[in-house]
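Read the structure below first, then the notes.
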There are 2 protein chains.
Amino acid sequence: MEVKTKQQGIKVVADVLDIIGGKWRGPILSYICDKPRRFNELKSILGRITSATLSKELRYLEELRMIERVEIRTETSSAYEYRMSQHGKSIKTLIQHVVEWGLQHRRVVLEEEIIP
Amino acid sequence: MEVKTKQQGIKVVADVLDIIGGKWRGPILSYICDKPRRFNELKSILGRITSATLSKELRYLEELRMIERVEIRTETSSAYEYRMSQHGKSIKTLIQHVVEWGLQHRRVVLEEEIIP
DNA sequence: TGTTTAGGTATGAAAAAAGATACCTAGTAA
DNA sequence: TTACTAGGTATCTTTTTTCATACCTAAACA
């Protein structure tokens with residue numbers, strides 16, 4: 001499968017940005033990437049997010065097959081955790097590319113501000 | 001310059017997504033990447049964008065040093081065009097990575113829908 | 001048995017992004 | 001001289017996102 005038209009390429013980019021974009025989805029993925037996380041754990045790491053928003057974002061990422069919600073059971077109790085899907089893990093490389101470019105961009109913009 | 005903390009990494013990603021995200025900035029960059037474009041040219045290629053929005057987005061991308069607004073003069077007349085800055089051109093590679101991942105993502109999601 | 005905790009949902013308000021519409025200015029063309 | 005075109009700006013409305021607040025259920029705890 002390849003990109004055949006400009007329109008299609010633009011659409012593919014928009015779809016990807018929809019996954020990692022927005023105020024919370026990047027950070028959420030980033031924390032779940034490190035290790036599986038529970039709802040309230042995410043909520044407290046993220047700080048200012050509300051339950052409603054976190055819940056909505058998690059369900060959306062699940063629907064996109066980026067993460068999975070799994071029940072974890074011990075003898076005495078059970079709980080849920082969110083973890084990256086096999087496919088979801090592959091976004092880590094992409095994000096590394098984004099970070100690299102971002103750092104380069106920052107250097108360029110800072111330079112131009114200092115030496116105008 | 002490297003990423004030292006998770007917070008910083010998240011910030012870098014957010015900054016990059018702010019550049020290529022939103023409804024129009026990706027498409028605008030994409031068309032200017034191909035070749036320098038004039039205001040009304042962009043407006044008509046993009047289709048449903050208003051002058052106000054296009055103008056705002058272009059000024060923002062200029063401020064970010066991604067594009068440059070340059071006057072082009074012939075003997076008889078003058079006009080303006082928008083072109084990628086030297087630095088801005090480097091985003092092309094990043095976008096290629098995004099497209100590649102996006103295509104892979106699409107394959108995964110389609111597969112799972114067909115074979116549940 | 002009553003209370004706390006995990007993991008949420010429901011509803012409406014506020015803020016941010018995008019759109020519609022009207023208008024402006026400088027240059028050129030007729 | 002009048003009208004047209006390029007390249008916008010100004011203002012207000014609509015839509016989309018995010019936030020605040022209150023509430024709910026099931027399980028575990030004391």
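Under the 30°/60° scheme for interplanar angles, the aromatic rings of A/Trp101 and B/His87 are found to lie parallel.
Taking only side-chain nitrogens and oxygens, A/Lys23 comes nearer than 4.0 Å to OP1 or OP2 of D/dC19. For the pair A/Tyr60 and D/dT17, the criterion of a side-chain N or O lying under 4.0 Å from OP1 or OP2 is not met. OP1 or OP2 of C/dG8 lies within a sub-4.0 Å distance of a side-chain N or O belonging to A/Tyr82. When the side-chain nitrogen and oxygen atoms of A/Arg48 are compared with OP1 and OP2 of D/dC19, none of them lie within a distance under 4.0 Å. Checking the phosphate oxygens (OP1, OP2) of D/dT17, no side-chain nitrogen or oxygen of A/Trp24 falls inside 4.0 Å.
When the nucleotides D/dG7, D/dC19, C/dA6 are ranked by their closest atom to the side chain of A/Thr50, D/dC19 comes out on top. Minimum atom distance to the side chain of B/Thr53 is reached by C/dA18, of the listed D/dC19, C/dT9, C/dA18. Set against D/dA20, D/dT9, C/dA18, the side chain of A/Ala52 has D/dA20 as its closest nucleotide. Closest to the side chain of A/Ser55, from the set C/dG8, C/dT9, D/dG8, is C/dT9.
A donor-acceptor pair shorter than 3.5 Å cannot be found between the side chains of A/Thr53 and A/Trp24.
Per the geometry, OH belonging to A/Tyr80 stands 8 Å off P belonging to C/dG8, to the nearest Å. With rounding to whole Å, A/Ile49 atom CD1 is found 12 Å from D/dT17 atom C1'. For the pair A/Ile28 CD1 and D/dT17 P, the interatomic distance rounds to 15 Å; values are reported in whole Å. Summarising the geometry, the separation between CG on A/Leu54 and C1' on C/dT9 is reported as 13 Å, rounded to the nearest angstrom. Following rounding to the nearest Å, B/Arg73 (CZ) and C/dA26 (C1') show an atom-to-atom distance of 13 Å. Here C/dA6 presents its C1' atom at 13 Å from CD of A/Glu71, a figure rounded to the nearest Å. Residue A/Arg38 contributes atom CZ, which lies 7 Å from atom C1' of C/dA6 at whole-angstrom precision. Distance B/Asp18 CG to C/dA16 P: 14 Å, rounded to the nearest Å.
Salt bridge annotation for B/Arg38-B/Glu81: absent, with no cationic side-chain nitrogen under 4.0 angstrom from a carboxylate oxygen. With respect to the salt-bridge test (charged N to carboxylate O, under 4.0 angstrom), the residues B/Arg65 and B/Glu63 do not qualify. A salt bridge does not link A/Lys4 to A/Glu2: none of the charged nitrogens lies less than 4.0 Å from a carboxylate oxygen.
At the heavy-atom level, A/Arg59 lies under 4.0 Å from the strands shown only through sugar-phosphate atoms. In this structure, A/Ser77 reaches the sugar-phosphate backbone alone: every heavy-atom distance under 4.0 Å involves primed, P, OP1 or OP2 atoms, never a base. If you check every strand for non-hydrogen atoms under 4.0 Å, B/Arg69 touches sugar and phosphate atoms only.
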